[in-house]
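Presented below is the structure to which this report refers.
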Amino acid sequence: MTITYNMLEVQVDLSRIVDNYRFMRSKAAKLMPVIKADAYGHGLLPVARALTMAGADAFCVGSVAEAVTLRLEGALDPRFRVVSLLGPVDLEDYAEAVANDVTLLVGRLEQLELLQAAAARAGRMARLALKFDTGMSRLGFSETDVPRIIRILAASPNLRLELVTSHLATADEDSGVDYVQAQAKRFCAITGKLSAAGLRFAANLANSAGILGFPELHFDLQRPGIALYGSNPFLGTSREELGRPLKQAMSVTTRILDVHDLPRGGTISYGRTYTAPRDMRVAIMAAGYADGYSRGLSNKGQVCLKGSRAPILGRVCMQLTAVDITGREDVRPGDTVHLLGGNGSGHISAEDLAGWWGTISYEVFCILGLNRRVYGGE
Ligand SMILES: *Cc1c(COP(=O)(O)O)cnc(C)c1O
């Protein structure tokens with residue numbers, strides 16, 4: 001899914017993603033980069049290629065379809081691991097995963113049986129990751145399923161167990177440390193029982209915040225996502241320092257369409273939610289909620305125009321938004337404006353934008369990343 005025919009342009013600096021990868025690898029050596037959701041809006045295949053050249057040999061994506069695309073179009077070494085975090089939904093997903101050597105995350109007993117059947121039909125081995133719920137209450141087996149899993153695996157000659165996985169709910173929060181420890185304790189109990197039954201696998205629990213904040217929870221493999229794209233998971237917490245070297249890889253620009261005066265008492269945009277308190281000058285830019293630039297930014301957000309900030313005035317429309325350029329003679333129709341990124345003191349981080357938007361950097365990247373992308377730093 002992409003947004004076409006609009007003026008927004010997403011610039012992705014792949015060298016920053018590689019630098020972030022190297023930084024994360026300096027903290028934990030066996031990473032499976034998470035490039036689900038089109039690499040958090042940065043582009044599945046370009047990001048996979050850049051990370052492969054930097055030494056990555058395993059990736060986590062979302063759907064089985066995304067995993068198959070990566071396997072077939074990513075020109076990956078056949079030995080590289082491609083994990084589908086969402087796992088199989090339809091029967092065809094099992095066959096597709098088996099045929100394309102995708103490691104499937106499975107969290108229900110029925111899925112184990114369907115996967116064994118699909119692999120047996122194809123005369124191949126299925127690559128399996130067991131997902132356990134240790135506290136997210138989303139997907140996954142519980143500890144009480146372990147005896148039955150062990151029995152099913154013993155009776156399933158076509159299943160090759162590779163990974164045992166769980167996911168942390170609070171690793172990036174100061175107040176979440178106890179919950180992380182409780183999840184880790186459950187995870188260790190589960191992996192302990194599976195090992196005791198003679199099963200061999202690579203245990204993995206840590207996301208970006210887990211890698212940076214909990215070295216004792218690195219287990220065999222780690223799954224960094226947001227850190228690769230340059231967002232510090234600890235920003236605004238007591239552990240902010242841990243993610244300081246990360247560099248934002250995405251910038252988003254659009255163009256100024258018009259510049260005009262807004263006299264004192266004049267109102268702007270739908271609903272007249274902004275009234276000029278004095279004579280002002282405004283620039284109208286080509287960006288709006290149809291481009292994923294949230295209407296929630298109305299009267300709240302800022303853009304970076306030639307190195308300094310300009311605040312949004314009035315409501316964000318479908319394809320147009322007004323910003324305050326009072327006192328600035330340097331702005332002209334056709335100028336480029338940064339919705340994300342930009343130079344100088346006006347630079348806009350994903351966290352800045354997320355704060356005005358009422359969301360997190362993850363959503364900013366995923367949504368704005370739907371626009372047309374260009375790549376640099378290769
Ligand atoms: C998205 C995801 C990650 C990566 O999390 P970040 O916070 O972005 O590092 C890791 N593991 C699973 C299962 C995920 O879904």
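We count ligands from 1, going down the list as the structure has it; atoms in each ligand are counted the same way.
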query: Between the side chains of Arg223 and His167, is a donor N or O closer than 3.5 angstrom to an acceptor N or O?
result: yes

message: Counting non-hydrogen protein atoms only, what is the nearest one to atom 5 (O) of ligand 1? Give residue, atom name and distance.
response: Asn207 CB, 3.5 Å

field: Residues Lys193, Glu143: salt bridge by 4.0 Å N-O rule
entry: yes

query: Heavy-atom distance to atom 15 (O) of ligand 1: which of Met32, Met24, His167, Lys36 wins?
result: Lys36

task: Record the part of Arg223 in heavy-atom contact with ligand 1 below 4.0 Å; permitted values are side chain, backbone, both and neither.
output: both

- prompt: Purely on distance, is any nitrogen or oxygen of Arg138 under 3.5 Å from one on ligand 1?
  reply: no

- prompt: Taking only heavy atoms of Ile226, which atoms of ligand 1 are found under 4.0 Å from at least one of them?
  reply: 6 (P), 8 (O), 9 (O)

field: For atom 9 (O) of ligand 1, the protein heavy atom that lies nearest, with its residue and separation
entry: Ser208 OG, 2.5 Å

message: Checking Asn6 against Asn371: is there a side-chain donor and acceptor pair closer than 3.5 Å?
response: yes

statement: Exactly one candidate in Val82, Leu104, Val89, Asn100 meets side-chain contact (heavy atoms from CB on, under 4.5 Å) with Val64; the answer is Leu104

query: How are the rings of Trp357 and Tyr293 set to each other: parallel, tilted or perpendicular (split at 30° and 60°)?
result: perpendicular

message: Is there a polar contact between ligand 1 and Ala209, counting only N or O atoms under 3.5 Å apart?
response: no

query: Does a salt bridge link Asp279 with Arg264, judged by any charged N lying under 4.0 Å from a carboxylate O?
result: no

query: With a 4.0 Å cut-off, would you call Asp57 and Arg81 a salt bridge?
result: no

- prompt: Is the shortest N/O to N/O distance between Gly225 and ligand 1 below 3.5 Å?
  reply: yes

Protein residue, atom and distance nearest to atom 7 (O) of ligand 1, heavy-atom basis: Tyr362 OH, 2.7 Å

task: Give the residue and atom name of whichever protein heavy atom lies nearest to atom 8 (O) of ligand 1, and the separation in Å to one decimal.
output: Tyr40 OH, 2.6 Å

message: Heavy-atom distances under 4.0 Å decide this one: backbone, side chain, both or neither, for Leu85 against ligand 1?
response: side chain

message: Quick check: Lys131 and ligand 1, any N/O pair under 3.5 Å apart?
response: no

query: Does Asp352 come within less than 4.0 Å of Arg309, counting only side-chain N to carboxylate O?
result: yes

